[in-house]
Amino acid sequence: MFFFPFKDDNPTKSIPIISYIIIAICCLIYLFQASLSQSEEFILIKTYGATPTLLTNQTFNYWFSSISSMFLHGGVMHLGGNLLYLWIFGDNVEDEFGRFKFIIFYILCGIGAVVAQILFNTESNVPMIGASGAIAGTLGAYIVLYPKAKIYVFAWIVIFVKLLKIPAFIVISVWIGLQVMNVFDQGVSGVAYSAHIGGFICGVLLTPFFKKKETKIFAQKVEKSYISENVNNLN
């Protein structure tokens, strides 16, 4: 079974300006990357990507890369997949935390992802790029705050494609489960699964400190059945 989330039914009270700004910055930087020659892009990634061995041995000269790496991407699919998840889940987390706190939270989760990647493979000379770690932290916050919010997904089951409406805790649990299952394959796949796990854990742990005092965690009520059989139910 393969499923593809594309929206939630969790409304917000304010416009997620910070999420939109992050999406815009990532897109603009990727357009800049696309304008470079292959050798120029290689230098850009080596300079601003987070390379574990350089961060371990040259921390004070290279610390900025743990933040700059969050805005670089390795291709359209890499960029699109990350920003789709930020689009779906980031607005509610930003709405709960507030804009300034969300910025701090996002950066801390991204740094946590880099630290996890360093701990997994300290001697790696391969630069890590992408917003995945910070966005994984956002998923961690979402599952703590809105575990039963409904996520619309396209599910491909053998030869059938269905539209399902599934609780966030199932969608996100499947996602983090796949990261854990594949963590020892990242040297072959080139995907920094350990960074995703690190960012997610940071998100879960930081959320109680960033949420509003009156907000209860894991407390969202269930209002409807989690599977929607009718495509016409989409707004």
Side-chain angles (χ1 to χ4, degrees), residues 1-12 16 19 77-78 80-97 102 105-106 109 112-113 116 130-186 189 191-208 210-211 215-235:
M1 175 179 175
F2 170 81
F3 68 84
F4 179 78
F6 65 94
K7 65 171 288 186
D8 65 1
D9 68 352
N10 196 3
T12 58
S19 295
M77 293 298 291
H78 186 207
N82 279 346
L83 298 188
L84 174 63
Y85 273 75
L86 181 58
W87 177 272
I88 296 171
F89 301 104
D91 57 346
N92 295 104
V93 177
E94 180 180 339
D95 195 43
E96 171 64 27
F97 292 169
F102 182 69
F105 172 83
Y106 187 87
C109 288
S132 305
I135 294 170
T138 304
L139 296 184
Y142 197 99
I143 201 173
V144 170
L145 296 169
Y146 313 107
K148 295 169 186 174
K150 307 306 183 296
I151 310 298
Y152 290 95
V153 302
F154 283 116
W156 181 14
I157 308 170
V158 189
I159 61 173
F160 301 101
V161 176
K162 288 191 175 184
L163 174 67
L164 303 178
K165 197 176 177 185
I166 303 176
F169 78 89
I170 293 179
V171 175
I172 296 174
S173 293
V174 169
W175 180 85
I176 192 62
L178 290 173
Q179 312 311 302
V180 173
M181 287 172 58
N182 290 289
V183 69
F184 293 106
D185 182 50
Q186 59 186 332
S189 66
V191 178
Y193 292 108
S194 55
H196 299 172
I197 296 168
F200 181 83
I201 292 172
C202 280
V204 170
L205 295 178
L206 289 173
T207 296
F210 280 79
K211 71 176 183 65
T215 300
K216 295 181 180 180
I217 60 176
F218 303 116
Q220 190 181 52
K221 295 180 180 179
V222 184
E223 297 180 357
K224 298 178 182 178
S225 173
Y226 69 82
I227 297 183
S228 173
E229 298 289 347
N230 192 343
V231 176
N232 292 326
N233 286 338
L234 279 173
N235 293 324

Item to complete: Look at the rings of F210 and F105 and say which category their plane angle falls in: under 30° parallel, 30 to 60° tilted, over 60° perpendicular.
Response: perpendicular

Practice prompt. Heavy atoms only: give me the nearest A116-G198 pair and the separation to one decimal.
Written response: CB-CA, 3.6 Å

Side-chain polar contacts of residues 131-138 - donor-acceptor pairs under 3.5 angstrom, sequence neighbours left out - could you list them?
residue, atom, partner, partner atom, Å
S132, OG, N82, OD1, 2.9
S132, OG, N82, ND2, 3.1
T138, OG1, A134, O, 3.3

Response to the item:
dist I217:CD1 -> K211:NZ (nearest 0.5 Å) comes out at 7.0 Å

Discussion item. Quick check: do F218 and V144 have side-chain heavy atoms less than 4.5 Å from each other?
Written reply: yes

Discussion item. If we ignore hydrogens and angles and just use 3.5 Å, is the side chain of N92 paired with the main-chain N or O of N10 as donor and acceptor?
Written reply: yes

Discussion item. Before you tell me yes or no, could you show the steps for D8 and Y152 under side-chain contact (heavy atoms from CB on, under 4.5 Å), namely the whole-Å CA-CA distance, both residues' side-chain angles and the distance that decides it to 0.1 Å?
Written reply: CA-CA 6 Å; D8 65 1; Y152 290 95; 5.9 Å; no

Response to the item:
Sorted by chain and residue number, the ring-ring contact (aromatic ring centres under 6.0 Å, His included) partners of Y142 (sequence neighbours excluded) come out as F89, Y146

Worksheet item: Got a second to check how far F102's CZ is from E96's CD, nearest 0.5 Å?
Response: 12.0 Å

Worksheet item: Where do T207 and G203 come nearest, in terms of heavy atoms and distance?
Response: OG1-O, 2.5 Å

Which pairs of donor and acceptor atoms, one on a side chain in residues 172-182, lie under 3.5 Å apart (sequence neighbours left out)?
residue, atom, partner, partner atom, Å
S173, OG, F169, O, 2.4
Q179, OE1, H196, ND1, 2.7
Q179, NE2, W175, O, 3.0
N182, ND2, L178, O, 2.7

Discussion item. Looking at P5, is its backbone amide N or carbonyl O close enough to the side chain of K7 to form a donor-acceptor pair, meaning the two atoms are under 3.5 Å apart?
Written reply: no

Practice prompt. Over all heavy atoms of both residues, which pair between V183 and Y193 is shortest? Give the atoms and the distance, please.
Written response: CA-CB, 3.7 Å

Practice prompt. Kindly indicate, with the supporting measurements, whether the criterion side-chain contact (heavy atoms from CB on, under 4.5 Å) is fulfilled by D95 and D91.
Written response: CA-CA 6 Å; D95 195 43; D91 57 346; over 6 Å; no

